[in-house]
Protein chains: 2
Amino acid sequence: MTRANDVNAWQQKAQAQAELALARVLPPENETPAGLHQAMRYAVLGGGKRLRPLLVSAAAELGEADADAVAQAMAAVECIHVYSLVHDDMPAMDNDSLRRGKPTCHVQYGEAAALLAGDALQTLAFDVLSRPTGLPAARQLRMLQTLAQASGSLGMAGGQAIDLAHVGLPMSRHELEQMHSLKTGALIRAAVALGALACPDISDDRLAGLDGYARKLGLAFQVIDDVLDCEADTATLGKTAGKDADNDKPTYVKLMGLAPARAYAETLVADAVALLAPFGSKAGHLRGLAEFVTTRKN
Amino acid sequence: MTRANDVNAWQQKAQAQAELALARVLPPENETPAGLHQAMRYAVLGGGKRLRPLLVSAAAELGEADADAVAQAMAAVECIHVYSLVHDDMPAMDNDSLRRGKPTCHVQYGEAAALLAGDALQTLAFDVLSRPTGLPAARQLRMLQTLAQASGSLGMAGGQAIDLAHVGLPMSRHELEQMHSLKTGALIRAAVALGALACPDISDDRLAGLDGYARKLGLAFQVIDDVLDCEADTATLGKTAGKDADNDKPTYVKLMGLAPARAYAETLVADAVALLAPFGSKAGHLRGLAEFVTTRKN
């Protein structure tokens, strides 16, 4: 079990790095406007698996990555993810009261503060990613393009719009995959790409191969999300369990059944890992994260 | 009156350029997710003074600006402005139903769509500004930094947070100016800076001088906003008149009285114009815009 322990130790170290990068880029709680900064820090810090920053970190091991660019990308991608959670949890969207085991941002600070905190977290992501690093400026612009396109109306926000438009309506498996490929897949792919782009020497061929891995992984992540929503209890999940089923949302479990959904996720992860073969031992932590996606409990 | 007519003709041309730049960067209405793209286009197109894009365009005349960078900056700064209007109008914030003479975005499309449209417009701003231009990449990164810092929790979003925190509470003139310097001033300053930064040959000294102009102009703009909120009717304004007074919000008119507030704005504009002296005739349209700010009717 040494290998599993090694992966676990690396994950803890990378999570701590993510936490540090986020704590550093978020304005201090006592800086004006203090209420807004408190809400931002509450939403971001002290919770979450940090899967996207971990993917940035693991992909950055494929080359000689610029350390500042990696830290910035880890923080930026998580700021985008958390802003989307804060807004998705609001009454106008999913109306959820529990996230990462705590009251959601709007329950804790009110709707206006949550709306603004989400807005400011999105801005912070692009602020952070445009700060000076050791990378060529053109590469940093490409990283900004990557994050922006993954986050906007043709990426994450678009997926959320499709999701909302289909509540209570039937959705084919193809439509469900299209929706998830935007809603969660786009940002997971961006995280992997950002880590690789922090390596000045990465080739477009390698980026394309990695993107194949990230697509499979993103889909597996969503399938397992549906499985956990059905299997796990609220305390383990840290968010309201059974919510998607209750909300009449289409899920893989509803479409396929529980055991076939889990088997499908495992096949996707195996496919994802197979796509890492050309990267050899440098892709060890990307492999570990793929396995983590299907073994996670929340 | 030739000079006023010239300024007017230039404004119309620059407004048309802004409209075109925005129509081009916004995804088509029929592109999936169509509902989201309709809401985004509804919120952005066919309305507004386009003051911020006009400031970008006027400031870009100070040097040999890159045309693509100017068009991108005009669109980006307006996307940020409109996203802030869409979110500020929502029930959780100012709860307004009229904007630019039309129903607000959430009245027309629902709260969830308005929330997402605002989110995606912010993303689009940074997407657009990170696309390739003829400028050096390092300059484009600086433009992205400028826009992000002006928009976030230490800029526009922070000003909105301070505003919300003071509804019904007394505010000194100093506090009122601090709030407005963030809420509207920061983005007006960014617009002027972005136009100038699109000129590869602009010096830091000149940027600093211009920023003095933009600070005075931003404050004058807000003082006149308070005057118009008090003087004009809803049809002329295109948004609900008397709203700030009714909402128990601090305004310059309440603090100073109507005529002194207008006189203060005129002094600020004169000061702003005086700071343009070193730029000579190239600053003609920046001068014209400063005068427009005090003579506008909405």
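Throughout, protein chains are lettered first and strands after them, A, B, ... in sequence-line order, and every chain is numbered starting at 1. No experiment lies behind these values; they were computed from the predicted model shown. Side-chain atoms are counted along with the backbone in the values below, which use heavy atoms only and exclude waters and symmetry mates.
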What orientation do F126(A) and F126(B) show, parallel under 30°, tilted 30 to 60°, or perpendicular over 60°? parallel

Hey, mind stepping through H87(B) and H87(A) against side-chain contact (heavy atoms from CB on, under 4.5 Å) and telling me if it holds? CA-CA 11 Å; H87(B) 282 182; H87(A) 283 184; 4.1 Å; yes

Exercise: identify the closest heavy-atom pair between S153(A) and P33(B): O-CD, 3.3 Å

Please classify the contact of T32(A) with chain B as side chain, backbone, both or neither, using a heavy-atom distance under 4.5 Å. both

Between R142(A) and chain B, with a heavy-atom cut-off of 4.5 Å, which part of the residue counts as in contact: side chain, backbone, both or neither? neither

Shortest non-hydrogen contact from A137(B) to A138(A)? CB-N, 3.4 Å

Looking at every non-hydrogen atom in both residues, tell me the closest pair between D119(B) and Q122(A) and how far apart they are. O-NE2, 3.2 Å

Need one label for M40(A): side chain, backbone, both or neither, based on atoms under 4.5 Å from any heavy atom in chain B. side chain

Need one label for L124(A): side chain, backbone, both or neither, based on atoms under 4.5 Å from any heavy atom in chain B. neither

Where does Q178(A) contact chain B at under 4.5 Å (heavy atoms): side chain, backbone, both or neither? neither

Side chain, backbone, both or neither: which part of A165(A) has a non-hydrogen atom closer than 4.5 Å to chain B? neither

List the steps and the verdict of side-chain contact (heavy atoms from CB on, under 4.5 Å) for L36(B) and Q160(A). CA-CA 10 Å; L36(B) 177 59; Q160(A) 178 68 3; over 6 Å; no

Go through the atoms of H37(A) and report whether side chain, backbone, both or neither lie under 4.5 Å from a heavy atom of chain B. side chain

Per-residue tally against chain A (heavy atom, under 4.5 Å) across A112(B), A39(B), A120(B) peaks at A112(B)

Verdict with supporting geometry, T123(A) and I80(B), side-chain contact (heavy atoms from CB on, under 4.5 Å): CA-CA 10 Å; T123(A) 321; I80(B) 293 285; 6.0 Å; no

